[in-house]
Amino acid sequence: MPEIQSDKYDVSITLVSLQDGQRNVMEANGEVTSKGPHLYIQYEELEQGPRGEEVSVRTTIKIAGNQLKLIRHGGIQSEQSFEAGRRLPGFYRSPYTQFNLSTETKKLEVVREGRSLTVAWEYDLYVYEELTGKFAISLHIQEEPKL
């Protein structure tokens, strides 16, 4: 059985989300690990906690074929899965609340050029089976050469 090749490299990440006409841009530095056909993108971000304090959240995005999984750990924990044409379960947990959610993905496109990557997806977010938002996300990843 052939050994799965693993490759790690540093990247800059730009994530643009559009919800109900509001545009949010997040930029971060992170790391990509490529294991065979799977890509794992990891980065850390600071978010505002329920009391206004900053909490650190480590995000991992797993891309496997036509599926994307977004996993967050730290001040909050959540998991969302995306696959075009499917509604998939997930969850959100913080010290103050927790709930099940699901995502119904309308579109998911992954374009990989060498070590650059652009991912765009659109989805409806459901919390307790109730539609709570429509999102359009684009994620751009660019390798950061080591100096």
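The chain is numbered in sequence order, starting from 1. Being a predicted model, the structure only gives us computed values, none of them experimental.
- The minimum heavy-atom distance linking Gly75 with Pro95 is given by the pair O-CD, 3.5 Å.
- Ile71 and Leu15 sit in two unconnected hydrophobic clusters of ILVMFWY residues. Membership requires side-chain heavy atoms under 4.5 Å apart, directly or through other members.
- The minimum heavy-atom distance linking Thr33 with Lys8 is given by the pair OG1-CG, 3.4 Å.
- With contacts defined as side-chain heavy-atom distances shorter than 4.5 Å, the pair Lys69/Leu88 does not qualify.
- With no hydrogens or angles considered, a side-chain donor-acceptor pair links Thr59 and Glu45 at under 3.5 Å.
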Discussion item. Determine whether Asn29 and Asp10 satisfy the following criterion, side-chain contact (heavy atoms from CB on, under 4.5 Å), listing intermediate values before the conclusion.
Written reply: CA-CA 7 Å; Asn29 292 320; Asp10 293 331; over 6 Å; no
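- Atom CG of Leu101 sits about 10.5 Å away from atom CD of Glu129, to the nearest 0.5 Å.
- Leu131 is not listed as a side-chain neighbour of Leu125, based on a closest heavy-atom distance of 4.5 Å or more.
- Within the model, atoms NZ of Lys107 and CD1 of Ile137 stand 11.5 Å from one another, a figure rounded to the nearest 0.5 Å.
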Worksheet entry | Verdict with reasoning, Leu39 to Arg112, per side-chain contact (heavy atoms from CB on, under 4.5 Å) | CA-CA 11 Å; Leu39 275 183; Arg112 189 173 177 186; 3.6 Å; yes
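- No donor-acceptor distance shorter than 3.5 angstrom exists from the side chain of Thr105 to the backbone of Gly85, with no hydrogens or angles considered.
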Practice prompt. Please step through side-chain contact (heavy atoms from CB on, under 4.5 Å) for the pair Arg115 and Tyr9, ending with a clear verdict.
Written response: CA-CA 9 Å; Arg115 290 185 164 193; Tyr9 50 96; 3.3 Å; yes
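- Side-chain heavy atoms closer than 4.5 Å link hydrophobic residues (I, L, V, M, F, W, Y) into clusters, and following such links, even through other members, never connects Phe91 to Tyr123.
- A distance of 4.5 Å separates CD of Gln67 from CD of Glu83, quoted to the nearest 0.5 Å.
- Checking side-chain atoms of Thr103 against main-chain N and O of Gln80 turns up no donor-acceptor pair under 3.5 Å.
- By the 30° and 60° cut-offs, the orientation of the rings of Trp121 relative to Phe82 is tilted.
- In Lys106, the NZ atom is crowded: over 12 heavy atoms of neighbouring residues, nucleotides or ligands sit closer than 6.0 Å.
- When all heavy atoms are compared, the tightest approach of Leu46 to Glu54 is CD1-OE1, 3.3 Å.
- Test Leu139, Val32, Ile41, Val11 against Leu117 for side-chain contact (heavy atoms from CB on, under 4.5 Å) and you get one pass: Ile41.
- Tyr126 carries Arg87 over the face of its six-membered ring, with the cationic atom under 6.0 Å from the centre and within 45° of the normal.
- Side-chain contact annotation: Arg72 with Ser78, donor-acceptor N/O pair under 3.5 Å absent.
- Put simply, CD on Glu122 and CG on Leu18 are 9.0 Å apart, with the number rounded to the nearest 0.5 Å.
- Between Asn66 and Leu108, the shortest heavy-atom distance links the atoms O-CD2, 3.2 Å.
- To the nearest 0.5 Å, the span separating CD1 on Ile61 from OH on Tyr40 amounts to 13.0 Å.
- Across Tyr128 and Gln98, no two heavy atoms sit closer than the pair OH-O, 3.4 Å.
- Counting only heavy atoms from C-beta outward, the side chains of Met26 and Tyr43 approach each other to under 4.5 Å.
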Discussion item. As a quick check of understanding, evaluate side-chain contact (heavy atoms from CB on, under 4.5 Å) for Ser56 and His73, giving each step before the final call.
Written reply: CA-CA 9 Å; Ser56 175; His73 291 285; over 6 Å; no
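- Sequence neighbours left out, the pairs with a member in residues 12-22 that pass side-chain hydrogen bond (donor to acceptor under 3.5 Å, both in side chains) are Ser12-Glu144.
- The distance from atom CD of Glu104 to atom CG of Asp124, rounded to the nearest 0.5 Å, is 5.5 Å.
- His38 has its side chain within reach of Lys62: a pair of non-hydrogen atoms, C-beta onward, lies under 4.5 Å apart.
- Residues Arg23 and Val16 come closest through the heavy atom pair NE-CG1, 3.7 Å.
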